[in-house]
Amino acid sequence: MKSFINVQDIGPLEKALAEAKEIKNDRFKYQHLGKNKTLLMIFFNNSLRTRLSTQKAAMNLGMNVIVLDVNAGAWKLETERGVIMDGDKSEHLLEAIPVMGCYCDLIGVRSFAGLSDRDYDYAETVLNQFIKYSGKPVFAMETATVHPLQAFADLITIEEYKKKQRPKVVLTWAPHCRALPQAVPNSFAEWMNAADVDFVVTHPEGYELDPKFVGNARVEYDQRKAFEGADFIYAKNWSNPGVTNPADYGKITSKDMSWTVDEQHMAWTDHAKFMHCLPVRRGLIVTDNVIESPDSIVIPEAANREISCSVVIKRMLESM
Ligand SMILES: CCC[C@H](NC(C)=O)C(=O)O
Ligand SMILES: NC(=O)OP(=O)(O)O
């Protein structure tokens with residue numbers, strides 16, 4: 001596996017889930033694979049779970065780890081071609097990337113969407129430059145349009161907690177005070193479409209996710225109807241994806257607080273489990289009582305980030 005971006009990269013989900021279960025039961029079983037191999041984790045944006053779980057997974061697999069916070073200590077990087085670099089950026093990405101590739105065997109990249117140029121973001125320009133110029137296998141640690149490590153962990157968690165063979169899983173939009181990327185809902189939708197679940201997406205009109213990810217999933221604009229009979233509620237904010245109106249891309253076009261997940265919302269479900277990738281803003285996305293309830297599985301969901309990443313790094317090491 002030379003890159004990990006989309007659900008297709010992991011191959012058959014049943015096999016991937018079986019590997020996850022095996023690794024969860026014996027996390028150091030494949031420690032020999034990473035001996036004398038180095039993972040370079042590159043962060044253009046903040047992180048807690050991804051930073052910690054990815055390093056833990058790499059160490060479980062016997063790897064050395066280098067972490068680079070590009071905006072804290074490295075040279076400010078120019079990403080555009082054809083510019084005269086007479087501003088505050090001392091180095092171009094097209095030199096920095098092959099240089100970084102010299103010091104490692106495997107690269108993880110976090111580079112969020114800029115949310116101003118939809119074409120630039122949805123072309124995964126930064127991630128694809130790492131894939132093209134680093135000379136090393138690359139996996140996404142949330143890039144402009146995807147967060148596959150999160151979605152894989154979410155699926156592992158649903159498999160662990162489901163009470164029926166084909167649970168109803170609802171991705172619900174919720175309001176936020178900042179414009180957030182579409183990467184998490186994009187990958188969640190992509191992975192749920194590939195999984196054996198009854199998947200429904202609910203959001204205000206105008207927040208339609210890109211067809212590349214949402215596919216033929218059922219979209220329900222009535223949040224209550226979507227919640228009825230649900231087994232899992234996956235809450236997340238995202239900024240306007242600019243599908244219905246390209247001019248709205250990256251904007252906050254709704255702050256409707258009736259979409260905040262509270263106890264009344266959860267009462268519409270079939271005793272559903274509450275999920276969120278974290279970090280979460282209480283009072284906007286979800287109420288205190290819901291995220292603290294026994295049906296909230298956000299902590300085991302976060303814990304499974306170590307497992308999803310272990311499977312991915314194992315696969316990449318095995319193909320070296
Ligand atoms: C894992 C989530 C990362 C990011 N969250 C924020 C707050 O930027 C997002 O919404 O994509
Ligand atoms: N869910 C997730 O990726 O969290 P961080 O942004 O803290 O890494």
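First listed ligand is number 1; within each ligand, the first listed atom is number 1. Bear in mind that the values here come from a model prediction, so they are computed numbers and not experimental data.
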- Task: Answer yes or no: is there a side-chain heavy-atom contact under 4.5 Å between Phe43 and Ser111?
- Result: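 Of all side-chain heavy-atom pairs linking Ser111 with Phe43, none is under 4.5 Å.
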- Task: Indicate yes or no: at least one non-hydrogen side-chain atom of Met275 is less than 4.5 angstrom from one of Asp295.
- Result: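 Result no, sub-4.5 Å side-chain heavy-atom pair not found.
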Any heavy atom of [X] sitting closer than 4.0 Å to ligand 1?
X	answer
Ala183	no
Phe112	yes
Leu278	yes
Lys236	yes

Scan side-chain atoms only and decide if [X] and [Y] contain a donor-acceptor pair under the 3.5 Å cut-off.
X	Y	value
Asn25	Lys21	no
Thr287	Asn289	no
Gln182	Ser239	yes

- Query: What distance do Met1 atom CE and Phe139 atom CZ have between them, rounded to the nearest 0.5 Å?
  - Reply: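 If we round to the nearest 0.5 Å, Met1:CE and Phe139:CZ are 9.5 Å apart.
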- Judged by atom type as modelled, is there a donor-acceptor pair below 3.5 Å linking the side chain of Asn240 to the main-chain atoms of Tyr249?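 Here the side-chain-to-backbone pair does not exist.
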- Task: Please work out which of Arg305, Glu142, His276, Arg51 has its closest non-hydrogen atom nearest to atom 2 (C) of ligand 2.
- Result: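 Considering heavy atoms of Arg305, Glu142, His276, Arg51, the nearest to atom 2 (C) of ligand 2 sits in Arg305.
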Please list the nearest protein heavy atom to [atom] with its residue and the distance rounded to 0.1 Å.
atom	value
atom 4 (O) of ligand 2	Arg49 NE, 2.9 Å
atom 7 (O) of ligand 2	Leu48 N, 2.7 Å
atom 6 (O) of ligand 2	Arg110 NH1, 2.8 Å
atom 3 (C) of ligand 1	Glu142 OE1, 3.2 Å

- Going by distance only, is there an N or O of His147 that falls short of 3.5 Å from an N or O of ligand 1?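 Such a contact does not occur with ligand 1.
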- Message: Does ligand 1 come near enough to Arg178 that some N or O of the ligand is less than 3.5 Å from an N or O of the residue?
- Response: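 No, no N or O pair falls under 3.5 Å.
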- Structural part of Leu149 in contact with ligand 2, heavy atom criterion under 4.0 angstrom: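 Neither part.
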- Taking heavy atoms and a distance under 4.0 Å, where does His147 meet ligand 2: side chain, backbone, both or neither?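 Near ligand 2, His147 shows its side chain, while the N, CA, C and O stay back.
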- Message: Please tell me whether Phe188 and Tyr234 form a close aromatic pair, meaning their ring centres lie under 6.0 Å apart.
- Response: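 Yes, they do, as the ring centres are separated by less than 6.0 Å.
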- State yes or no: are the ring centers of His203 and Tyr221 separated by less than 6.0 Å?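 Yes, the ring of His203 comes within the 6.0 Å limit of the ring of Tyr221, centre to centre.
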- Task: Flag yes if Tyr30 and Leu106 sit in one hydrophobic cluster, no otherwise; membership is Ile, Leu, Val, Met, Phe, Trp, Tyr, and two members link when side-chain heavy atoms are under 4.5 Å apart.
- Result: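 Yes, Tyr30 and Leu106 fall within the same hydrophobic cluster.
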Atoms of ligand 2 less than 4.0 Å from [X] heavy atoms?
X	result
Leu278	1 (N), 2 (C), 4 (O)
Cys277	1 (N)
Ser47	5 (P), 7 (O), 8 (O)
Gln150	1 (N), 2 (C), 3 (O)

- Query: Which one holds for Thr50 and ligand 1: side chain close, backbone close, both close, or neither close, with close meaning a heavy atom under 4.0 Å?
  - Reply: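 For Thr50, no heavy atom sits under 4.0 Å from ligand 1.
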- Query: Is it the side chain (CB and beyond), the backbone, both or neither of Gln150 that lies under 4.0 Å from ligand 1, heavy atoms counted?
  - Reply: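 Neither; nothing of Gln150 gets under 4.0 Å from ligand 1.
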- State whether Glu160 and Lys24 are salt-bridged, where the test is any N-O pair (Lys NZ or Arg NE/NH1/NH2 against Asp/Glu carboxylate O) under 4.0 Å.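 Looking at Glu160 and Lys24, the cut-off is met.
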- Query: Should you measure from each heavy atom of Leu180, which atoms of ligand 1 turn up under 4.0 Å away?
  - Reply: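 Listed by number with element, the hits are 6 (C), 7 (C), 8 (O), 10 (O).
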- Message: Checking Arg118 against Asp210 for the salt bridge (charged side-chain N to carboxylate O under 4.0 Å, His left out) test, could you report, in this order, the C-alpha distance in whole Å, the side-chain angles of both residues, the deciding distance, and whether it holds?
- Response: CA-CA 11 Å; Arg118 190 182 201 279; Asp210 192 284; 2.9 Å; yes
